Amino acid sequence: LAVAGFALALSAGGESKWPWIAAALFLFTASLIRLEESLFVWVIASPFCLLRFLKARERSLRLRWIATLAAALLAIGLGVVINRAYYSGPQWQQFNQINKLRHPFTDYGLGRYYLQDPTRLAQSKLSVNDLKMLGNWFYADPNVYNAANLEPLIKGVSLSERVRLNLPRFHNTLDLFKNYEIAALLGLFAFGFALCTHRKTALVAFLLLLAVMGVFLALGRPGVVRVYPPAVAGLAVFTLIACLPRRHVIVSAASLLLLCACAAWSFNIYASHIGSQAKAERGAREACMLPSDQLQVVWGVPAGLQERYVYRPFSPPGGECKLQLYVLGVLQLMPANLETLHHYTGGKDLVQALLDHQPLYFLTDRGRLRTLALYMQEHYGVHLQYTELISQKSVQQYRVQVPE
């Protein structure tokens, strides 16, 4: 959507206002889906937009550029303000605090620095196993995973040290160019660049792309493929639109090639979606056979029980079979998720319920339960028992309890 918005703006003239209105709407809608990703496209589009703005001879055309981008930025800013206001209530305090602290560990691999040298944890209340669990999306115990314990670890690794330890992973960034989608889009960019009449603009945009890749590498998140296709697609499309004459035969040929590629990729995405949907429906059928009076703690992503299945718009959590689900993922401290847990446990958090010898039912695997058992032993000196109750293709259920 962000690429489409800028493509409309770069190709629009001064004869009609509707392409400009559509461009602003596309840019705003893109920010609602994923703000950071859409801003990445803004970065890549900025040199091309500046070129078109400076080349615009008519004052009315420059005013439309200013009005379109200003309207989009204003709408995006209002969206951010409304979003933050919604999540600023007292019920979101724990979620906001831990969500900010877990990012360096779950998204940027901060735990690696301590796993490489466990002696650096000597002054911390967290163990190697605790960091492994945090990397596996478990931070549901406020006695352990809190600001007092996590902030010193975050501050304990300087930015220069993180960069030094991450740079040897540059091969992960280079692997991005082996992805067929990214490689094809870069090939299309190179094709347009070879015929470009404003190569400096396209080169600046390409260098901005490399700079963002370098920042992700330095911070500890190289090689995440899904981050880059929109930005690389924008690089290719904007180069064709802004750098070549509109009626150039090469533009027509390249545009046709791009449309064919989009059609092929769309078919692949649709085919993958059909396969994933079938797998999810099979997992959902197996999950719906579970007793509805049990709380199912979902740790990992059993088929059919991803958060997109649990938290669908306009449908109750747990889907049509109305399962009671507590999901240990990015939303594990979300008020609605905690409300389901507390309703089942009588107001207790997950670990406290286990310490009070209350049996819970986990949909996960033995590996994660082994780390949980070690966690309970290290922090609370208790033995955790887990017994497999159901082992199906998509769902494995365990009864987990601290014996009295």
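Only heavy atoms go into these numbers, but all of them, side chains included; no hydrogens, no water, no symmetry mates. What you see is a predicted model, and the numbers here were worked out from it, not measured in a lab.
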Self-check item: Residue pair Lys132, Glu378: steps toward the salt bridge (charged side-chain N to carboxylate O under 4.0 Å, His left out) verdict
Solution: CA-CA 14 Å; Lys132 290 180 179 178; Glu378 287 181 343; over 6 Å; no
Would you compute the distance between atom [atom1] of [X] and atom [atom2] of [Y] and round it to the nearest 0.5 angstrom?
X	Y	atom1	atom2	value
Leu363	Tyr398	CG	OH	10.5 Å
Ser46	Phe238	OG	CZ	10.0 Å
Thr371	Asn136	OG1	CG	6.5 Å
Ile21	Trp18	CD1	CH2	4.5 Å
Asn99	Met334	CG	CE	12.0 Å
Trp65	Leu10	CH2	CG	4.5 Å

Quiz item: For Arg102 and Trp137, what are the C-alpha separation, side-chain angles and deciding distance, and is it a side-chain contact (heavy atoms from CB on, under 4.5 Å)?
Solution: CA-CA 9 Å; Arg102 63 90 185 163; Trp137 296 92; 3.2 Å; yes
Give the minimum heavy-atom separation between [X] and [Y], together with the two atoms involved.
X	Y	answer
Ala12	Pro19	CB-CB, 3.8 Å
Tyr139	Gly329	OH-O, 3.4 Å
Phe48	Ala202	CZ-CA, 3.9 Å
Phe105	Leu131	CE2-CD2, 3.9 Å
Leu134	Leu150	CD2-CD2, 4.1 Å
Ala147	Gln97	CB-NE2, 3.7 Å

Taking atom [atom1] of [X] as the centre, does the number of heavy atoms from other residues, nucleotides or ligands within less than 6.0 Å exceed 12?
X	atom1	answer
His103	NE2	yes
Arg120	CZ	yes
Tyr180	OH	yes
Lys125	NZ	no

Can you confirm whether [X] sits close enough to [Y] that some side-chain heavy atom of one is under 4.5 Å from a side-chain heavy atom of the other?
X	Y	value
Phe362	Gln396	no
Trp42	Phe6	yes
Leu290	Tyr361	no
Phe28	Leu74	no
Tyr114	Val157	yes
Phe40	Val212	yes
Tyr380	Val351	yes
Thr340	Tyr326	no

Has [X] got a side-chain atom pairing as donor or acceptor with [Y]'s backbone, closer than 3.5 angstrom?
X	Y	result
Gln324	Ser292	yes
Gln332	Ala140	yes
Asn146	Pro142	yes
Arg162	Ala218	no
Thr68	Arg64	yes
Asp356	Gln358	no
Ser88	Ala85	yes
Arg62	Leu54	yes
Asn149	Leu126	no
Gln352	Thr345	no

Quiz prompt | Tyr113 and Asn166 side chains, donor-acceptor separation under 3.5 Å | solution =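 Indeed, the side chains of Asn166 and Tyr113 share at least one donor-acceptor pair under 3.5 Å.
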Quiz prompt | No-hydrogen, no-angle side-chain donor-acceptor test under 3.5 Å, Tyr375 and Asp141 | solution =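 Tyr375 vs Asp141: donor-acceptor pair found between side chains.
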Quiz item: Are the charged groups of Glu36 and Arg221 less than 4.0 angstrom apart, N to O?
Solution: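 Answer for the salt bridge query: no.
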Quiz item: Once the angle between the rings of Trp299 and Phe138 is folded into 0 to 90°, is it parallel (under 30°), tilted (30 to 60°) or perpendicular (over 60°)?
Solution: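 Geometry flag for Phe138 against Trp299: tilted rings.
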Practice problem: Report the relative orientation of the aromatic rings in Phe95 and Tyr87; use parallel for angles under 30°, tilted for 30 to 60°, perpendicular for over 60°. | Solution: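 If you compare the ring of Phe95 with that of Tyr87, the planes turn out parallel.
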Quiz item: Between Phe177 and Met213, is a side-chain contact (heavy atoms from CB on, under 4.5 Å) present by the stated rule, with each step listed?
Solution: CA-CA 11 Å; Phe177 298 101; Met213 288 183 171; 3.9 Å; yes
Quiz prompt | Passing candidate, side-chain hydrogen bond (donor to acceptor under 3.5 Å, both in side chains) with His379, options Asn129, Asn143, Asp130 | solution =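 Passing option: Asp130.
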Quiz prompt | Evaluation steps, side-chain contact (heavy atoms from CB on, under 4.5 Å), between Tyr228 and Leu186 | solution = CA-CA 11 Å; Tyr228 295 99; Leu186 284 174; over 6 Å; no
Quiz item: Does Phe189 have its ring centroid less than 6.0 Å away from the ring centroid of Phe206?
Solution: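 Distance test on ring centres: under 6.0 Å, yes.
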Quiz prompt | Chi angles and distances behind the side-chain contact (heavy atoms from CB on, under 4.5 Å) call for Leu240, Leu188 | solution = CA-CA 9 Å; Leu240 292 173; Leu188 187 60; 4.2 Å; yes
